[in-house]
Amino acid sequence: MYRHLEQQLRAAVRDFFQRTYGLDLPQIVINQAPNVEFGEYALSLAFELAKTLRKAPHKIAEEVVAGIGAVPGFAKFEVAGAGYINARLNRAELAAALAVTLAAGKDATAAPPSGKTLVEHTSINPNKAAHVGHLRNAILGDTFVRLLRFAGREVDVQNYIDNTGVQVADVVVGFLHIEGKCLAEIEVLTRAPRFDYYCWDLYAQVSRWYAEDKARLQMRGQVLHALEEGGNDTAAMAELISTAVLRRHLETMERLDIEYDFLPRESEILHLHFWDAAFAKLKEGKVLFFEEQGKNQGCWVMKRAGAEAAANEELTDEDQKVIVRSNGTVGYVGKDIAYHMWKFGLLGRDFGYRRFLVYPNSHQCWMSALTGETEHPHFGDVSEIYNVIDARQSDPQTTVIEALRGLGYQAQADHYTHFSYEMVALTPRCAAELGYELSEKDKQRAYIEVSGRKGFGVKADDLLDTLIANAKQEVDSRHPETPDEERAAVASQIAIGALRYFMLKVTKSSVIAFDFKEALAFEGETGPYVQYAVVRATNIFRKGGFDPDQFRAENIDWEKQLGGDADNDIWDLWLTAAKTSYIVDQCIATTEPAYLAKHAFQMAQKFSYFYHRHPILSETDEEKKALLLATTAVIRRELTRILAVMGITVPAVM
RNA sequence: GCGCCCGUAGCUCAGUUGGAUAGAGCGGCAGCCUCCGGAGCUGUAGGUCGGGAGUUCGAAUCUCUCCGGGCGCACCA
């Protein structure tokens, strides 16, 4: 709605300049007026055109206002300041329409592109517990999936499992050589409640053990080789461990309402020989070439992204990226290229598929297999992909895109988005609270990178447990009369709301310096604040004896209530509600969910202001009361929808 | 050395394609529950937008340069 009106205005302005001056304006920038009092949209093009038209900006603005004529949806145009043009909407007309469309939940977003979208997120190495950094990834990814689905796109959610890499190998080394455990003993351990915590400690221990004697690294090599080979006891052990840890990760994510459709594993990429198919195409397409001399002698290399050799010059060693090592084995990037060719349906091979787990809502999650079930959904072969991976991995991501481009798949390369975000680090104070010993140098830092390898970080389940416990304490003291089971459910909703909002309110490009004080906040700019606004809106209806979902705005003279000099603050709420689909489109276009979080907070804040300013149930003017209730109903429904896109539910009481 | 990111109020962060007096939250101070539940609301103090130069009618935003911090640049994944 908001976007449609903006386009309407743009067309009218373009038409005016075409008609009056024969000017064809390709781009017309439309801003928001600084305050709704001035109107909804503002144009500053009079300033830009002053030189071309040789007229003062104010004069041009006056001409536009006088000559633009009637624009559907708009009430009036005004000149402001030195030459701004403010456009004011026909508020009564828009509010009446919004009351209908928003109640029906169908304010259209931009038309979705054809084809399926694939979002890959989480992708935690299955050798240790998930930590706060992984939470940021999963929450960003899951929210982006929800944004895409809100906009009407068909989305597959994948969680890539690297079950044959060094990280899993290291834990296997720990079990074999430090703890001397056999397969059966490990099997017992995997059934303990938090096996991933056990691995967390063991993994850190292995790293220290290697550091004590570098010769021990040989054992990693041996295990790694056995894993890639497959069909042996070591591989079976790795399979057992990585699957058990994976199940723990999925449980952790399930606590946050995060689910997956498909879990492709590296072991299948390896054993189904995805690389061989990709290698052939890459050689054929001359994307890879064999280096016969220098540092990379004997390797198959690719031109590094951005590197351009001068005419008749060979690429320097630094401009080459090794894809196949001189011993003939393929590195991580090569496997990733093959995997991404599969995603776009360009590889000519497919995984086998087997059912892995069913979520309580009966959603089926699949896993890759060597030979799978005959009946299965079709994964891969998508038209666009988003990979939620932290900013540190942008180089290899670019290499994969360049490989696709080199093979001539321009369209696919253009629809490959590295959804990049900055890491989560710990403040020195937080690290000290957790009992870590810090060097003097680290104490001076603003933040310290978390490290699974060192066992340095806040585990996801611990954070959730603490959040839930804190929320529970609050709920207990506020609602002692409520049954305990219900209180626990409410506490969990609040905890998730706090955590998800905390991760979403910060823009992707800034490092989160994790601090318990802020992560555990339930007041101010937090998820619970927004949830609370909805709970209060619901309470109004309950106390008034109305059903908020059935409430319809009837018998309201919109013109009298919102037109002319009526209250700007009430109108502001309607306008904010109208912007949601516009914001969603913006979040998708920029892969930035933070805009939605800000939008939710602003709407809740405006509602709180409205709530305190207008007593609703005691309002004696029946028509005014109807307007206030209609406003509350729209905001309540809109906030609920937005929270759902962020993966946050609204508790019954707070 | 090269590439990417960050530097805005005491702290943590917004600021969308350059636009009207630079905004929130937390913390500080002062207030608000006989009235839809105070996880709330109101008021107040607090900023050379890291420094400098340039482009522009107009710069936190674009360009250059310098300073400070972070992260990448493996025949690791």
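Note on naming: letters A, B, ... go to the chains in the order of the sequence lines (proteins, then strands), and numbering restarts at 1 for each one.
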* Give the C-alpha distance, both sets of side-chain angles, the deciding distance and a yes or no for side-chain hydrogen bond (donor to acceptor under 3.5 Å, both in side chains) between A:Asn31 and A:Tyr84. => CA-CA 10 Å; A:Asn31 301 297; A:Tyr84 293 98; over 6 Å; no
Taking only the [atom1] atom of each, what is the distance from [N] to [M] in whole angstrom?
N: B:A14; M: B:C6; atom1: P; result: 10 Å
N: B:U12; M: B:G70; atom1: P; result: 15 Å
N: B:C41; M: B:G27; atom1: P; result: 13 Å
N: B:C36; M: B:G15; atom1: C1'; result: 34 Å
N: B:G43; M: B:G52; atom1: P; result: 34 Å
N: B:G23; M: B:U61; atom1: C1'; result: 15 Å
N: B:G7; M: B:C13; atom1: C1'; result: 13 Å
N: B:C62; M: B:G19; atom1: C1'; result: 14 Å

* **Segment of RNA chain B, first to last nucleotide, that comes within the 4.0 Å heavy-atom reach of chain A** => B:C5 to B:A77
* Where does B:C33 land, syn or anti, once you apply the within-90°-of-0 test for syn? -> syn
* Structure fact -> Per nearest nucleotide of RNA chain B, the residue lying toward the 5' end, A:Phe38 or A:Pro528, is A:Phe38
* **5′-ward residue of the pair A:Tyr84/A:Val324 relative to RNA chain B** => A:Tyr84
Which is true for [X] with a 4.0 Å heavy-atom rule: it touches a base, it touches only sugar-phosphate, or it touches nothing?
X: A:Gln397; value: nothing
X: A:Ala80; value: base
X: A:Ser44; value: base
X: A:Ile30; value: base
X: A:Gln586; value: base
X: A:Val475; value: base
X: A:Gly81; value: nothing
X: A:Glu266; value: sugar-phosphate
X: A:Tyr609; value: sugar-phosphate
X: A:Gln602; value: nothing
X: A:Ser326; value: base
X: A:Arg478; value: base
X: A:Lys517; value: sugar-phosphate
X: A:Ala537; value: nothing

* Side chains of A:Thr632 and A:Arg636: donor-acceptor distance under 3.5 Å anywhere? -> no
Residues [X] and [Y] bridged, charged N to O under 4.0 Å:
X: A:Glu62; Y: A:Lys59; answer: no
X: A:Asp390; Y: A:Arg392; answer: yes
X: A:Glu402; Y: A:Arg304; answer: no

* Asked: Any donor-acceptor pair under 3.5 Å linking the side chain of A:Gln531 with the backbone of A:Thr649?
  -> yes
* To do: Please indicate whether A:Gln473 has more than 12 foreign heavy atoms, meaning atoms of other residues, nucleotides or ligands, lying under 6.0 Å from its CD.
  => no
Ring-ring centroid check [X] [Y], cutoff 6.0 Å:
X: A:Tyr501; Y: A:Tyr529; value: no
X: A:Phe607; Y: A:Phe610; value: yes
X: A:Tyr41; Y: A:Tyr2; value: yes

* Structure fact -> Taking every heavy atom of A:Lys508 against every heavy atom of A:Glu592, the minimum-distance pair comes out as N-OE2, 3.0 Å
* To do: Toss me the dot-bracket line for RNA chain B: Watson-Crick and G-U wobble, both under 3.5 Å, 5' to 3', using | for pairs to another strand and [ ] for crossers.
  => (((((((..((((.....[...)))).(((((.......))))).....(((((..]....))))))))))))....
